[in-house]
Amino acid sequence: MDLTFNIYLIGFMGCGKSSTAEYLNKHEKLHIIDMDEEIVKRAGMPISEIFATQGEPAFRKMETDLLRDLKNVTNTVISCGGGVAMREENVALMRESGRVVLLTAAPETILGRVKNSHNRPLLEGRKNVAAIAELMDARRPHYEAAADITVETDGRTTPEVCAEILRRVSAK
Ligand code: S3P
């Protein structure tokens, strides 16, 4: 399928942004960019190392720089890092070239998806439902303010989530 805009997938870590983008690439032939992967490539080190050696503010700047570089891209699904929607500047950049889709999941679902990985510095030492719920509550107003549409992922398959995204972004 061809889109005249980009789809920016936002939402909490582990809400399914990357797997949704991969599905849309495989089954709808949409181009995809994974922001975390792109930043790791550019920086030449994993995210945990960027946080450890350069600090979180440097990582956040890399995110904004990358979004600026994506302004001329189209027909692409961009899987954003979970913190991207926290900056108003980033939200404005996403809106300039696409529709913003918020994926949601309950803290219990998130925990199940992230518990065995160690590539998310913000979740180290926070891998329990209470801590995830607390961070999610703090971020929710930003996610909701940024979103053009919101799609729930709890108890749903990736094909179901993708079908809803495509139906609703096209109607926007
Ligand atoms: C972050 C989410 C991560 C990654 C970084 C910070 C966040 O991306 O960008 O660890 O602040 O929520 P995912 O949402 O793809 O895990």
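In listed order, ligands and their atoms are each counted from 1.
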[X] heavy atoms, cut-off 4.0 Å: which ligand 1 atoms fall inside?
X      : value
Arg60  : 6 (C), 7 (C), 11 (O)
Leu122 : 7 (C), 11 (O)
Gly81  : 8 (O), 9 (O), 14 (O)
Pro121 : 10 (O)

Member of Lys115, Arg120, Arg113 meeting the side chain to side chain donor-acceptor pair (under 3.5 Å) criterion with Ser117
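Exactly one option meets the side chain to side chain donor-acceptor pair (under 3.5 Å) with Ser117, and it is Arg120.
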
Shortest protein heavy-atom distance from [atom], along with the residue and atom involved:
atom                    : result
atom 12 (O) of ligand 1 : Arg139 NH1, 2.6 Å
atom 16 (O) of ligand 1 : Arg120 NE, 2.5 Å
atom 13 (P) of ligand 1 : Asp36 OD2, 3.5 Å

Decide salt bridge (charged side-chain N to carboxylate O under 4.0 Å, His left out) for Lys41 and Asp34; before the verdict, give the C-alpha distance in whole Å, the side-chain angles of both, and the deciding distance to 0.1 Å.
CA-CA 11 Å; Lys41 228 189 281 167; Asp34 185 301; over 6 Å; no

Do Lys17 and ligand 1 have an N or O pair less than 3.5 Å apart?
yes

So, regarding Gly11 and ligand 1 (criterion: nitrogen or oxygen to nitrogen or oxygen, under 3.5 Å), is there a contact or not?
no

Considering Ser79, Ser117, Gly83, Gly14 one by one, which has a heavy atom nearer to atom 7 (C) of ligand 1 than any of the others?
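Closest candidate by heavy-atom distance is Gly83.
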
Using 0.5 Å steps for rounding, measure from the OG1 atom of Thr150 to the CD atom of Glu144.
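One gets 6.5 Å once the value is rounded to the nearest 0.5 Å.
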
What I want to find out is whether Arg60 reaches Glu56 closely enough, with some N-O distance under 4.0 Å, to be called a salt bridge.
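Salt bridge: yes.
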
Using a strict cut-off of less than 4.0 Å between a Lys/Arg side-chain nitrogen and an Asp/Glu carboxylate oxygen, indicate whether Glu152 and Arg156 qualify as a salt bridge.
no

Can a donor-acceptor pair be found, under 3.5 Å and without considering hydrogens, that links the side chain of Asn90 to the backbone of Glu63?
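No; judged by distance alone, with no hydrogens or angles, the pair does not exist.
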
Would you say Tyr143 and Thr104 are linked by a side-chain donor-acceptor pair, where the criterion is simply a distance under 3.5 Å?
no

